[in-house]
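Below is one structure, written out as structure tokens; comments come after it.
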Amino acid sequence: EFLPFRLCWVMHYSWQAGQVQLAHKGYALRIRCTLIPLPATWLLGRIDASESAVSDTRFKMQVTVRHWLLGDLYAYSGSFEMEDTHSDTH
């Protein structure tokens with residue numbers, strides 16, 4: 001996932017217990033089309049997330065940013081509705 005200032009969150013996706021798990025694999029710096037790994041997890045913390053479908057248009061998501069020394073720095077969770085952005089008018 002691309003973050004501000006050319007910073008990227010590198011993650012591994014997996015399917016576990018009916019959820020998509022996004023496991024932290026580190027950070028990288030994006031320069032043009034190249035990702036350069038950055039040893040920044042010790043400073044910024046690790047990001048982990050999960051998503052699960054509730055219906056065809058709704059999903060639940062939770063995200064946690066956890067620092068090795070300071071504990072949880074940021075977290076959010078919620079249920080989200082996707083909007084239909086396609087127009088059927090011709």
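- Judged as a side-chain contact (heavy atoms from CB on, under 4.5 Å), and not counting sequence neighbours, the contacts of V54 are R58, K60.
- With sequence neighbours excluded, no residue forms a salt bridge (charged side-chain N to carboxylate O under 4.0 Å, His left out) with D56.
- V65 and L7 fall within a single hydrophobic cluster, where Ile, Leu, Val, Met, Phe, Trp and Tyr side chains are chained together by heavy-atom contacts under 4.5 Å.
- Rounding to the nearest 0.5 Å places CG of D48 at 9.5 Å from NZ of K25.
- Considering only residues two or more places apart in sequence or on other chains, L43 meets the side-chain contact (heavy atoms from CB on, under 4.5 Å) condition with none of them.
- Qualifying side-chain contact (heavy atoms from CB on, under 4.5 Å) partners for Q21, counting only residues two or more places apart in sequence or in other chains: S14, Q16, Q19, S50.
- Listed by chain and number, the residues in a side-chain hydrogen bond (donor to acceptor under 3.5 Å, both in side chains) with S52 amount to none (sequence neighbours excluded).
- Pairs passing the salt bridge (Lys or Arg N to Asp or Glu O under 4.0 Å) check and including a residue from residues 4-14, sequence neighbours excluded, do not occur.
- Side-chain heavy atoms closer than 4.5 Å link hydrophobic residues (I, L, V, M, F, W, Y) into clusters, and following such links, even through other members, never connects L29 to V10.
- With rounding to the nearest 0.5 angstrom, the CD atom of E51 is 10.0 Å from the CD atom of Q62.
- Checked against side-chain hydrogen bond (donor to acceptor under 3.5 Å, both in side chains), S77 has no partners two or more places apart in sequence or in another chain.
- Shown here are the side-chain contact (heavy atoms from CB on, under 4.5 Å) partners of Y13, two or more places apart in sequence or in another chain: M11, V20, L22.
- Remark: T57 OG1 to E81 CD distance equals 3.5 Å, nearest 0.5 Å.
- Atom CH2 of W9 sits about 11.5 Å away from atom OG1 of T41, to the nearest 0.5 Å.
- In the hydrophobic cluster analysis, where Ile, Leu, Val, Met, Phe, Trp and Tyr join through side-chain heavy atoms closer than 4.5 angstrom, Y76 is grouped together with L44.
- Within the structure, the salt bridge (Lys or Arg N to Asp or Glu O under 4.0 Å) test picks out the following pairs touching residues 62-78 (sequence neighbours left out): R66-D72.
- Listed by first then second residue, pairs satisfying ring pair (Phe, Tyr, Trp, His ring centres under 6.0 Å) with a partner in residues 30-53 number zero, not counting sequence neighbours.
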Throw together a table of side-chain donor-acceptor distances under 3.5 angstrom for residues 30-38, partners on residues two or more places apart or in other chains.
none

